[in-house]
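Hydrogens, waters and symmetry mates are skipped; everything else that's a heavy atom, side chains included, is used.
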Amino acid sequence: MLTIKKIDNNIQVAAYCRDHALTAPLDKPSQFMGLFEGDTLCGLGALTLEGTKVFMNFIHAEDELLIHGLAKALLNMADLRGIKTVYGTNQALESLYRRLRFEKTEAEYVLSLAGYFTAEAH
């Protein structure tokens, strides 16, 4: 059974990134969520604080549907922590940003979480 949960252990994050030849934002304040099958980490995503903005620029899983679920979990975590807006600048995630209803500005993608997880969302 697949589960998604917060990861507090950067050693686990570093090991996953090493095994998949990825670079996680370990050098910046980040909150990681993992996709687990049993005890095996099979997907990873992060929200990263840069200045006064929170970015969702790092998500990895083998399946696009799993990436979407992990992204929704990250956005829910942000919303529950009182974060009102999430940004994105990773061009490799452009189709994900569009599916999640981020709006494109000249410099970045922007998603307001106001009403996102309630009936107010459209």
Side-chain angles (χ1 to χ4, degrees):
M1 180 163 98
L2 292 174
T3 58
I4 298 174
K5 60 185 176 182
K6 187 173 179 280
I7 298 176
D8 292 319
N9 183 342
N10 280 354
I11 294 170
Q12 194 173 26
V13 171
Y16 181 88
C17 290
R18 183 184 60 249
D19 293 346
H20 292 87
L22 302 169
T23 304
L26 291 169
D27 59 335
K28 298 176 183 169
S30 299
Q31 293 286 306
F32 292 94
M33 291 198 87
L35 177 66
F36 292 86
E37 187 163 350
D39 291 333
T40 303
L41 182 59
C42 55
L44 185 65
L47 293 174
T48 303
L49 180 64
E50 296 183 31
T52 60
K53 294 181 177 181
V54 173
F55 286 84
M56 186 174 70
N57 283 334
F58 178 84
I59 298 178
H60 179 267
E62 297 299 322
D63 180 273
E64 192 68 28
L65 187 57
L66 297 177
I67 289 172
H68 186 266
L70 189 52
K72 291 288 275 205
L74 285 164
L75 293 174
N76 188 48
M77 179 175 69
D79 186 49
L80 291 172
R81 291 174 184 256
I83 296 167
K84 302 297 181 202
T85 307
V86 175
Y87 299 85
T89 57
N90 184 343
Q91 291 303 312
L93 298 176
E94 181 177 7
S95 65
L96 176 66
Y97 294 145
R98 284 191 310 237
R99 281 194 316 276
L100 294 170
R101 299 190 315 250
F102 278 72
E103 293 182 18
K104 175 80 168 116
T105 67
E106 285 187 34
E108 59 203 358
Y109 293 87
V110 181
L111 178 66
S112 170
L113 294 177
Y116 190 80
F117 290 102
T118 66
E120 298 171 36
H122 34 117

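- Taken to the nearest 0.5 Å, the CG atom of Leu74 stands 10.0 Å off from the CD atom of Gln31.
- Using modelled atom types, one finds no donor on one side chain facing an acceptor on the other under 3.5 Å when comparing Glu50 with Tyr87.
- One hydrophobic cluster holds both Leu70 and Leu100 under the rule that ILVMFWY side chains link at heavy-atom gaps under 4.5 Å.
- Ala78 and Leu113 get closest at one heavy-atom pair: CB-CD1, 3.8 Å.
- For the pair Phe36/Leu2, no side-chain contact is recorded, criterion being any heavy-atom separation below 4.5 Å from C-beta on.
- Nearest heavy atoms, Pro25 versus Ala46: CG-CB, 4.1 Å.
- Side-chain contact between Tyr109 and Glu103 is absent, with no heavy-atom pair separated by less than 4.5 Å.
- Side-chain heavy atoms closer than 4.5 Å link hydrophobic residues (I, L, V, M, F, W, Y) into clusters, and following such links, possibly through other members, connects Ile67 to Ile4.
- Under the 4.5 Å side-chain heavy-atom criterion for grouping Ile, Leu, Val, Met, Phe, Trp and Tyr, Ile7 is not connected to Met77 through any hydrophobic cluster.
- We find the OG1-CE distance between Thr3 and Met33 to be 9.5 Å, quoted to the nearest 0.5 Å.
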For this session: Dump the intermediate steps for side-chain contact (heavy atoms from CB on, under 4.5 Å) on Leu93 and Gln91, then the final yes or no.
Result: CA-CA 5 Å; Leu93 298 176; Gln91 291 303 312; over 6 Å; no

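- Considering CG of Leu65 and CD of Glu62, their distance stands at 14.0 Å, rounded to 0.5 Å.
- Hydrophobic clustering places Phe102 together with Ile83 (ILVMFWY residues linked when any side-chain heavy atoms are closer than 4.5 Å, directly or through intermediates).
- Considering only heavy atoms from C-beta on, Val86 comes within 4.5 Å of Met56 through its side chain.
- Residues Glu108 and Val110 form a side-chain contact, since some pair of their non-hydrogen atoms from C-beta on lies under 4.5 Å apart.
- His20 is linked by a ring-ring contact (aromatic ring centres under 6.0 Å, His included) to Tyr16, His60, counting only residues two or more places apart in sequence or in another chain.
- At least one cation-pi condition fails for Lys6 and Phe32: the charged atom is not both under 6.0 angstrom from the six-membered ring centre and inside a 45 degree cone around its axis.
- With hydrophobic clusters built from ILVMFWY side chains whose heavy atoms lie under 4.5 angstrom apart, Leu49 does not share a cluster with Phe55.
- If you check the side chains of Asn57 and Tyr97, you find a donor sitting under 3.5 Å from an acceptor.
- Between Glu64 and Arg99 there is a salt bridge, since at least one side-chain N of the basic residue sits less than 4.0 Å from a carboxylate O of the acidic one.
- A side-chain donor-acceptor contact under 3.5 Å links Ser30 to the backbone of Lys28.
- Using a cutoff of 4.0 Å between basic side-chain nitrogens and carboxylate oxygens, Lys104 and Glu94 are not scored as salt-bridged.
- Taking OH from Tyr116 and CG from Leu111, the interatomic distance works out to 5.5 Å, rounded to the nearest 0.5 Å.
- Looking at Leu22, Ile59, Leu35, Val13 one by one, the single match for side chain to side chain contact (heavy atoms under 4.5 Å, CB included) with Leu44 turns out to be Val13.
- Side-chain contact between Phe58 and Asn90 is absent, with no heavy-atom pair separated by less than 4.5 Å.
- For the atom pair CG of Leu75 and CG of Leu80, the computed distance is 11.0 Å after rounding to the nearest 0.5 Å.
- Without hydrogens or angle criteria, Asp63 side chain to Leu66 main chain gives a donor-acceptor distance under 3.5 Å.
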